[in-house]
Amino acid sequence: MPDGQYSFYLHSDDRTDIAAMATISTISQPLRGEFIRTAATAGAVVYQVDARLPALIPVFFAGQLSAARLCAVMALVSGTWSSLTGLPDEPENGEAALPMSPETEYQRRRYTLTLQNGRSGERVERVLTEAASSRLRGDLLRNLIITGLALHTTAPELPRLLTSMPVPPPSVSELQALVQQMAGTTAVNRAAAAVPDTPATSAMPVSGSDTREIKKNMRRAFGD
């Protein structure tokens, strides 16, 4: 494919992919290219803050990602457990997943991401080329884009704000505070601001054991 152009696929037998396709479909066709590009860039910014986040956020995206759940993911990643204290309650059964009908014919839908010259395009390409081998690049791109789509459902202006920042937030706690501000959850406990977390290590590969442990903590936190 031409430089700066990437393809990715979403599948009709995967709940997260169904949620991603549904989110993209809410945007009119002429605006979808820019929308996907913004989502990818926002995902790359989140990756630069902490490389584990784009691997985890899609796991908990089912068509809508609440600020409470997103902040919980970030708090558990950074180890700032006390910041979960004031989070609003989640619905008893969590966020409803989009239904999957067994009669639905399997489809694989192809999308194209076209990056433009400038800071945003460079961010995405840097993450894709430096953080993953060519064999894993497609999976990473999917995670970046779905992360950006999930952020859009938390607060529609959040992905665009992240893409416009000259440098990413310096820590997960700073990103968490930004999410709370954008989503209007300023009443959430601010204990995280007083507990420094580990600086972002975007160049470090994500450990499978780290990801599994965080997923386990997430399910424990939300009773899933």
Side-chain angles (χ1 to χ4, degrees), residues 4-10 16-17 19-20 23 35-61 65 67 69-80 111 113-116 118-155 157-179 182 197-215 218:
Q5 198 168 87
Y6 298 87
S7 288
F8 65 100
Y9 295 88
L10 298 176
T16 301
D17 285 9
T23 304
F35 179 68
I36 293 173
R37 188 158 46 244
T38 300
T41 307
V45 172
V46 171
Y47 184 97
Q48 290 177 302
V49 176
D50 192 299
R52 295 169 291 182
L53 287 173
L56 289 165
I57 289 173
V59 174
F60 301 99
F61 177 54
L65 187 65
R69 183 157 292 203
L70 177 57
C71 288
V73 174
M74 292 188 286
L76 291 167
V77 164
S78 63
T80 53
Y111 296 85
L113 168 67
T114 303
L115 300 176
Q116 297 177 335
R119 183 175 63 227
S120 295
E122 290 174 358
R123 272 180 169 163
V124 178
E125 291 212 291
R126 186 182 308 119
V127 169
L128 291 176
T129 57
E130 295 181 1
S133 65
S134 57
R135 184 173 60 87
L136 299 176
R137 204 162 289 161
D139 289 339
L140 177 57
L141 177 60
R142 171 189 176 274
N143 285 342
L144 296 181
I145 291 172
I146 293 179
T147 293
L149 297 177
L151 296 180
H152 170 79
T153 68
T154 303
E157 295 301 320
L158 183 55
R160 191 168 296 278
L161 174 64
L162 290 175
T163 63
S164 68
M165 298 177 72
V167 295
S171 69
V172 177
S173 291
E174 292 288 341
L175 179 60
Q176 184 178 354
L178 183 63
V179 169
M182 292 296 294
D197 54 21
T198 305
T201 55
S202 60
M204 296 293 291
V206 181
S207 164
S209 59
D210 286 348
T211 301
R212 286 192 296 272
E213 184 65 26
I214 293 169
K215 288 179 184 176
M218 279 295 298

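Just so we're clear, the structure is a prediction, and the values are computed from it rather than from any experiment.
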In Å, rounded to the nearest 0.5 Å, how long is the span from CG of L113 to CD1 of I36? 7.5 Å

Run the side-chain donor-acceptor check on residues 160-169: report pairs under 3.5 Å with partners two or more places apart or on a different chain.
from: T163; atom 1: OG1; to: P159; atom 2: O; distance (Å): 3.4
from: T163; atom 1: OG1; to: R160; atom 2: O; distance (Å): 2.8
from: S164; atom 1: OG; to: R160; atom 2: O; distance (Å): 3.4
from: S164; atom 1: OG; to: L161; atom 2: O; distance (Å): 2.8

With side-chain contact (heavy atoms from CB on, under 4.5 Å) as the test, would you mind laying out the steps for R69 and F61 before giving the verdict? CA-CA 9 Å; R69 183 157 292 203; F61 177 54; over 6 Å; no

What are the two closest non-hydrogen atoms of A20 and L10, and how far apart are they? CB-CD1, 3.9 Å

If you define the side chain from C-beta out and look only at heavy atoms, does anything of I57 sit under 4.5 Å from I146? no

CD of Q48 to CZ of R123: how many Å apart, nearest 0.5 Å? 5.5 Å

What heavy-atom pair brings P54 and P58 nearest, and what distance separates the two atoms? O-CD, 3.0 Å

All side-chain contact (heavy atoms from CB on, under 4.5 Å) counterparts of A155, not counting sequence neighbours: L158, M182

Determine, stepwise, if the pair Y111 / I145 fulfils side-chain contact (heavy atoms from CB on, under 4.5 Å). CA-CA 11 Å; Y111 296 85; I145 291 172; over 6 Å; no

Apply side-chain contact (heavy atoms from CB on, under 4.5 Å) to residues L76 and L56 and explain how you reach the verdict. CA-CA 11 Å; L76 291 167; L56 289 165; over 6 Å; no

Determine which pairs satisfy ring-ring contact (aromatic ring centres under 6.0 Å, His included) with at least one residue from residues 133-154, sequence neighbours left out, and list them in order. F35-H152

Between CG on residue L149 and OG1 on residue T154, distance to nearest 0.5 Å: 11.0 Å

Output all residues satisfying salt bridge (Lys or Arg N to Asp or Glu O under 4.0 Å) with R142, sequence neighbours left out; order by chain, then residue number. D14, D17

Within this structure, what is the CG-CZ distance for the pair L141 and F8, rounded to the nearest 0.5 Å? 6.5 Å

V179 and C71, any side-chain heavy atoms less than 4.5 Å apart: yes

Rounding to 0.5 Å, atoms CD (E130) and OH (Y47) come to a distance of 9.5 Å

Set out, in order, the CA-CA distance, both residues' side-chain angles and the distance that settles side-chain contact (heavy atoms from CB on, under 4.5 Å) for L53 and V77, then state yes or no. CA-CA 8 Å; L53 287 173; V77 164; 3.8 Å; yes

Got a second to check how far R126's CZ is from R119's CZ, nearest 0.5 Å? 10.5 Å

Name all residues meeting the side-chain contact (heavy atoms from CB on, under 4.5 Å) criterion together with S134; count only those two or more places apart in sequence or in a different chain, and write none if there are none. R137

Minimum side-chain heavy-atom gap L151-V46 below 4.5 Å: yes

